[in-house]
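On a predicted model such as this, the values are computed, not experimentally measured, just so you know. Letters A, B, ... are given to chains in the order of the sequence lines, protein chains preceding strands, and every chain is numbered from 1.
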Protein chains: 2
Amino acid sequence: MSGATLSDVAHAAGVSYATADRVVNKRGNVAQKSIDKVHDAVARLGYVRNIAAANLSRKHVYRLAFLIPTGSNAFFLRVREQILQTARHVRVDSVTVDIVDVPAFSVDALHSCIGQLTGYDFDGVAIVGLQSGALEQPLADLRARGVKVIGLVSDLPKEFRSAYIGIDNSVAGRTAARMTGLGNRDRGGEIQTFVGSLDARDHAERLQGFRDVIAADYPQMTVLDPILTKDDPTVLRDAARHALRAERPVSAFYNVGAGNVGLIEAIRETTSSRPFCVVHELVAHSKQALIDNHIDLVIDQRPDVEVNRAFALLRALIDERELPPMPDLVPTIYVRDNLPAETFKPAMETQTT
Amino acid sequence: MSGATLSDVAHAAGVSYATADRVVNKRGNVAQKSIDKVHDAVARLGYVRNIAAANLSRKHVYRLAFLIPTGSNAFFLRVREQILQTARHVRVDSVTVDIVDVPAFSVDALHSCIGQLTGYDFDGVAIVGLQSGALEQPLADLRARGVKVIGLVSDLPKEFRSAYIGIDNSVAGRTAARMTGLGNRDRGGEIQTFVGSLDARDHAERLQGFRDVIAADYPQMTVLDPILTKDDPTVLRDAARHALRAERPVSAFYNVGAGNVGLIEAIRETTSSRPFCVVHELVAHSKQALIDNHIDLVIDQRPDVEVNRAFALLRALIDERELPPMPDLVPTIYVRDNLPAETFKPAMETQTT
DNA sequence: CATTTTTTGATAGACCTCAATCATTTTTCT
DNA sequence: AGAAAAATGATTGAGGTCTATCAAAAAATG
């Protein structure tokens with residue numbers, strides 16, 4: 001099976017161990033003749049380098065960095081928590097992890113953070129990215145230094161990262177629409193949508209996906225133009241209040257972005273029947289709202305799964321081994337009945353009672 | 001950081017390396033005094049054994065076995081496929097995997113399979129279990145030999161396995177009910193249910209969960225007694241045809257078990273509007289049926305995720321290290337919009353400049 | 001032929017396991 | 001009690017696989 005070792009190879013090739021090592025690790029200074037002999041032996045014996053032994057030998061530690069937006073956004077707090085947990089667990093495998101705070105939504109800030117990365121020598125970094133050509137230069141520099149880069153949750157320019165881990169936001173929007181349609185197909189009516197900002201690519205994509213599905217499959221419903229919330233709970237609360245009090249109330253709410261606390265607050269005040277309500281990201285308050293029947297569905301992107309994959313993927317990339325099999329990441333639908341037991345609850349959320 | 005090595009410990013404890021080794025690996029023949037000194041030093045230095053080095057040293061390979069029911073059940077074919085994929089990928093980490101075929105649903109067969117396991121010395125086994133006291137003896141034997149055992153998809157007697165990886169079927173049923181309720185709350189009507197067998201614990205649990213939620217939250221709907229299908233597509237097809245042609249057609253179908261091909265066939269023939277339709281397990285045909293709008297929802301248990309976890313968990317158990325953080329497994333809801341791409345492709349393109 | 005340059009080989013780590021050996025204490029027997 | 005046998009405790013050394021360094025041999029150069 002996995003038997004062949006490098007000395008077997010060396011032996012079979014009729015060269016010394018050191019020469020075989022030079023060939024397989026491309027250290028140079030080997031005669032072409034020897035190179036061929038070794039390659040031949042490698043192929044014949046099916047040699048694969050034992051990564052554990054190699055790492056042991058050179059006291060290698062995997063240095064990983066995660067660039068995560070700052071702020072009190074519950075979703076990213078959850079991401080951070082998951083990174084920390086996993087980091088703690090893989091410490092025994094000689095993996096160190098740094099979480100780098102990046103001011104949210106700023107290309108400049110991200111640019112400079114990535115630039116600074118070259119100072120420390122990380123083996124791999126996962127970046128909550130932005131789509132901007134400005135990032136290409138520092139990313140190229142990283143790559144030139146052999147650092148593996150992946151996009152997490154939000155992608156980077158495609159040619160400058162090795163992989164992307166995250167959901168397709170258009171799919172997320174479509175899914176939200178499908179559920180809204182199912183829940184209202186007999187009623188029709190209007191859907192009030194909320195977005196943080198239409199400049200945010202993910203928000204725009206979700207909204208577009210949502211509109212597409214409603215238009216195609218549930219023509220009896222109309223999607224109202226989104227209210228811009230800047231992901232601010234207060235804005236959301238006021239807008240929702242207003243919509244709820246309208247003389248002809250809408251039949252559904254769909255919040256594309258964050259700030260659900262506000263939305264939920266507005267709904268909680270409502271005495272009459274509330275609209276069908278779909279939001280994104282399962283965090284403490286959205287979970288509670290599901291349980292309390294204040295909202296109907298949460299579309300989640302499973303940051304826990306994403307973070308796990310980021311680790312697995314980075315290690316595979318760093319080791320330059322075959323990438324692990326990874327089934328598509330798809331938006332997960334939560335209702336009050338299939339909630340996971342423990343959801344990370346950020347400390348600051350505790351006073352929101 | 002993770003610096004301390006065993007010779008550091010030995011040194012700090014003032015004993016020889018071998019003595020320290022005996023203590024931390026519980027090989028016996030050490031005076032209590034030395035044991036204490038070593039334990040003390042371990043605690044002080046925060047020593048953790050380097051598993052990679054240990055495995056290297058004794059040429060350890062992880063021998064894993066998966067006991068999976070035979071048959072052409074699409075779900076278990078999917079499980080098998082995922083095991084094979086993962087196995088191929090972890091071969092380079094010295095992990096060997098055997099899939100053992102077990103005649104489905106037979107306690108006797110499972111009993112004898114588990115019994116045979118003691119012959120080969122596996123380090124860990126994952127078993128698609130059954131709840132039966134009869135299994136306790138062979139499981140106890142396995143454990144006595146130091147084999148780690150986990151339940152997969154369907155649990156084993158609790159005291160005889162280290163962990164269970166699978167969804168809560170009652171939650172799955174409740175989730176199905178919630179969705180059915182959402183999709184029909186304005187219509188009411190009757191729900192025709194189908195089960196493979198009420199002796200199958202998972203089927204019974206799902207059905208019960210389903211009934212509970214409908215009764216509690218959607219009283220305008222009634223759940224008809226389940227039709228027994230033995231998971232046979234033919235039976236399902238005929239029963240569904242019959243129900244579809246009834247003068248007062250039901251408003252929803254819920255199939256708790258397998259055999260969806262038959263159900264889908266019956267629905268496909270229908271020209272008039274079909275009932276709201278929920279089934280379990282995403283496989284080729286249920287996926288296609290979603291796309292074709294023949295059914296509305298699939299509740300899935302993500303066997304890919306489960307298998308991945310099984311591997312991670314078994315390795316952690318075998319190494320006797322802390323178990324990795326694992327968020328709850330919950331039933332996943334698929335609609336036609338959030339379907340994963342067909343093939344398990346390794347995570348994307350890698351640029352190698 | 002002497003000097004560079006290229007190629008090769010030997011070997012000391014890295015951290016651990018395990019069997020074999022040596023040293024000491026305890027038990028047993030006359 | 002004294003000697004032999006047994007049990008227990010501690011030490012050594014040989015792996016396992018790879019990396020990386022240094023010295024030796026071979027080839028190329030002027």
Here's a test for you: under side chain to side chain contact (heavy atoms under 4.5 Å, CB included), which of A:Leu6, A:Val9, A:Thr5 qualifies with A:Leu45? A:Val9
Here the distance between atom P of D:dA20 and atom CZ of A:Arg49, to the nearest Å, is 10 Å
How many whole angstroms separate atom CG of B:Leu45 from atom C1' of C:dC15? 15 Å
Atom NE2 of A:His60 and atom C1' of C:dC15 are separated, to the nearest Å, by 17 Å
So which of residues 11-22 of chain B are in contact with DNA chain C, with a heavy-atom cut-off of under 4.0 Å? B:Tyr17, B:Asp21
Measure from NZ on A:Lys33 to C1' on D:dA25 and round the result to the nearest Å. 15 Å
Does any pair with a residue in residues 110-142 of chain A pass ring-ring contact (aromatic ring centres under 6.0 Å, His included), and if so which ones, sequence neighbours excluded? none
Heavy-atom nearest pair, B:Asp121 first then B:Arg63, reads O-CD, 3.1 Å
What's the CZ-C1' distance between B:Arg58 and D:dG16, to the nearest Å? 12 Å
With a non-hydrogen cut-off below 4.0 angstrom, is A:Asn55 in contact with a base, only sugar-phosphate, or nothing? nothing
Heavy-atom count around A:Glu322 CD within 6.0 Å, excluding the residue itself: above 12? no
Hey, does A:Ser34 reach any base, or is it just sugar-phosphate, or nothing, if we go heavy atoms under 4.0 Å? sugar-phosphate
Quick one: which of B:Val149, B:Val125, B:Leu117 gives a side chain to side chain contact (heavy atoms under 4.5 Å, CB included) with B:Leu139? B:Val149
Verify whether one side chain among A:Asp93 and A:Tyr62 offers a donor that lies under 3.5 Å from an acceptor in the other. no
A:Ile167 and A:Val330: CA distance, side-chain angles, deciding distance, side-chain contact (heavy atoms from CB on, under 4.5 Å) verdict: CA-CA 6 Å; A:Ile167 59 170; A:Val330 296; 6.0 Å; no
B:Leu56 near the nucleic acid: base, sugar-phosphate alone, or nothing, with a heavy-atom cut-off under 4.0 Å? base
Counting just side-chain N and O atoms, does A:Lys59 come under 4.0 Å of either OP1 or OP2 of C:dC15? yes
Verify the contact: side-chain N or O of A:Thr5 to OP1 or OP2 of D:dC18, cut-off strictly under 4.0 Å; return yes or no. yes
Could you check how far CG of A:Leu6 sits from P of D:dG16, rounded to whole Å? 14 Å
Just checking A:Asn29: base, sugar-phosphate only, or nothing, at a heavy-atom cut-off of under 4.0 Å? base
Does a salt bridge link A:Arg145 with A:Asp141, judged by any charged N lying under 4.0 Å from a carboxylate O? no
Presence of salt bridge, A:Asp101 and A:Arg80, under 4.0 angstrom: yes
Would B:Lys148 and B:Glu320 pass as an ion pair if we require N to O under 4.0 Å? yes
Nearest whole Å is fine: how far is D:dG9 P from B:Lys37 NZ? 13 Å
Taking N and O atoms by type only, does the side chain of A:Ser57 place a donor or acceptor under 3.5 Å from a partner on the base of C:dG13? yes
Whole Å only: how far is the CG atom of B:Asn25 from the P atom of C:dA19? 13 Å
What is the bend of the helix from C:dC1-D:dG30 to C:dT30-D:dA1 when you compare the axis at one end with the axis at the other, using five pairs each and rounding to 10°? 50°
